[in-house]
Amino acid sequence: MNSALNFVVKERAEEGIGSITNQAEVITPDQMEYLWQNGLLGCDTPELLRNTLLFVFGNCFEFRAGQEHRNLRMKNSQLSLHTDESGAEYLQYVEDVSKSNNGGLAHLRIKNKVVRAYENVEKPQRCPVKLYKKYISHVPLETSDNSFYLRPLQKPKGNIWYYKKAAGRETLENVVKKVMDNAGFDGHFY
């Protein structure tokens with residue numbers, strides 16, 4: 001009886017009956033402008049800088065989930081600074097592995113996602129390259145677990161703004177939700 005009921009429930013779910021999808025809403029350009037104009041994104045404090053970087057990287061590098069943020073490393077990083085032929089600086093993200101490419105033998109010939117985020121010369125305070133450089137300039141030389149996103153110090157010590165420890169998984173997963181809630185935007189964003 002249980003097996004038969006399970007089969008029917010799965011069959012109905014495939015048809016869209018009884019399943020609720022919680023798809024994220026797109027953050028509009030107007031909403032983005034509001035976040036910057038009202039100080040919900042910026043680089044003046046350790047937590048604000050880290051959260052802004054996470055927010056900007058999610059948009060620039062098309063991160064599909066919080067796990068891609070958690071997978072970023074300081075050493076042997078997937079992020080690197082470059083300059084193109086015209087002299088424009090950009091930050092490049094090269095994906096290690098993903099849901100569709102788990103790194104096994106069957107995936108040796110699959111190209112990893114490579115995305116570039118160019119400097120924003122019109123609005124330097126929103127520039128992913130400048131935000132990245134500022135963040136890197138404030139992290140300790142050695143981190144305990146090689147995580148990219150670190151816990152902010154309550155009282156920065158000179159040029160060091162972050163602990164050597166990684167920010168919590170839930171903290172990172174909730175950054176976009178927290179920023180959008182603080183702005184008063186209703187909806188499901190991530």
Side-chain angles (χ1 to χ4, degrees), residues 22-75 77-81 89-93 95 115-120 122-190:
N22 201 8
Q23 187 166 346
E25 296 177 44
V26 174
I27 298 169
T28 67
D30 287 341
Q31 289 172 322
M32 195 69 119
E33 186 64 29
Y34 180 89
L35 298 174
W36 285 104
Q37 289 295 323
N38 290 285
L40 296 161
L41 296 176
C43 61
D44 297 331
T45 67
E47 184 175 11
L48 185 61
L49 175 58
R50 186 208 53 210
N51 291 351
T52 299
L53 202 57
L54 184 138
F55 201 95
V56 168
F57 282 3
N59 287 322
C60 290
F61 299 127
E62 305 167 359
F63 287 166
R64 294 179 295 266
Q67 191 59 43
E68 285 183 295
H69 285 289
R70 280 292 283 165
N71 290 344
L72 285 179
R73 299 180 304 269
M74 280 289 181
K75 292 187 182 103
S77 183
Q78 303 93 318
L79 297 168
S80 55
L81 285 170
E89 201 169 14
Y90 64 92
L91 192 58
Q92 181 170 282
Y93 168 75
E95 178 183 51
V115 184
R116 292 179 177 180
Y118 277 85
E119 61 186 334
N120 184 342
E122 283 104 32
K123 297 181 179 176
Q125 69 278 14
R126 301 179 187 189
C127 175
V129 173
K130 289 189 182 348
L131 289 166
Y132 171 80
K133 286 178 174 181
K134 182 167 184 172
Y135 179 76
I136 293 300
S137 75
H138 290 297
V139 300
L141 292 176
E142 292 295 320
T143 58
S144 58
D145 56 9
N146 200 21
S147 294
F148 183 79
Y149 296 107
L150 303 174
R151 290 178 41 219
L153 290 168
Q154 294 302 316
K155 295 181 181 176
K157 298 175 183 170
N159 201 40
I160 302 300
W161 286 14
Y162 301 93
Y163 288 101
K164 295 179 180 185
K165 291 273 188 195
R169 181 181 54 83
E170 286 183 27
T171 298
L172 296 179
E173 287 174 358
N174 290 319
V175 165
V176 174
K177 179 185 179 345
K178 182 179 171 183
V179 168
M180 298 304 279
D181 285 350
N182 289 342
F185 295 127
D186 291 330
H188 175 68
F189 304 94
Y190 68 84

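Just so we're clear, the structure is a prediction, and the values are computed from it rather than from any experiment.
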Please report the closest heavy-atom contact between [X] and [Y], naming both atoms and the distance.
| X | Y | answer |
| --- | --- | --- |
| V139 | I160 | O-CD1, 3.7 Å |
| P152 | E47 | CB-N, 3.8 Å |
| M180 | L35 | SD-CD1, 3.7 Å |
| L79 | F57 | CD1-CE2, 3.5 Å |
| V129 | A117 | CG2-O, 3.8 Å |

Backbone N or O of [Y] within a donor-acceptor pair of the [X] side chain at under 3.5 Å?
| X | Y | result |
| --- | --- | --- |
| N174 | K177 | no |
| N146 | K75 | yes |
| R50 | Y149 | no |

Exercise for review: Quick one: do M32 and N59 satisfy side-chain contact (heavy atoms from CB on, under 4.5 Å)? Show the steps, please.
Suggested key: CA-CA 11 Å; M32 195 69 119; N59 287 322; 2.8 Å; yes
With rounding to the nearest 0.5 Å, note down the distance linking [atom1] in [X] to [atom2] in [Y].
| X | Y | atom1 | atom2 | result |
| --- | --- | --- | --- | --- |
| K178 | L40 | NZ | CG | 10.5 Å |
| E68 | E95 | CD | CD | 6.0 Å |
| S147 | H69 | OG | NE2 | 13.5 Å |
| S80 | Y132 | OG | OH | 7.5 Å |
| K157 | Y162 | NZ | OH | 15.0 Å |
| I136 | L53 | CD1 | CG | 8.0 Å |

Less than 4.5 Å apart, any side-chain heavy atom of [X] and any of [Y]?
| X | Y | value |
| --- | --- | --- |
| L131 | C43 | yes |
| Y90 | V115 | no |
| L41 | R126 | no |
| N159 | H138 | yes |
| T52 | W36 | yes |
| L91 | C60 | no |

Check your understanding: Is E89 paired with K130 through a side-chain N to carboxylate O contact shorter than 4.0 Å?
Key -> no
Point to revise | Cationic N near anionic O, under 4.0 Å, E119 to K133 | key: no
Exercise for review: Would you please indicate yes or no on a ring centroid separation below 6.0 angstrom for F185 and Y34?
Suggested key: yes
Exercise for review: May I have the step-by-step check of side-chain contact (heavy atoms from CB on, under 4.5 Å) for F61 and Q78, ending in yes or no?
Suggested key: CA-CA 11 Å; F61 299 127; Q78 303 93 318; over 6 Å; no
Point to revise | Whether F148 and Y135 hold their rings parallel, tilted or perpendicular, with breakpoints at 30° and 60° | key: tilted
Exercise for review: May I ask you to check whether over 12 heavy atoms, not counting those of K134, lie within 6.0 Å of atom NZ?
Suggested key: yes
Practice item. Take E142 and M74 through the side-chain contact (heavy atoms from CB on, under 4.5 Å) test and state the conclusion after the steps. Key: CA-CA 9 Å; E142 292 295 320; M74 280 289 181; over 6 Å; no
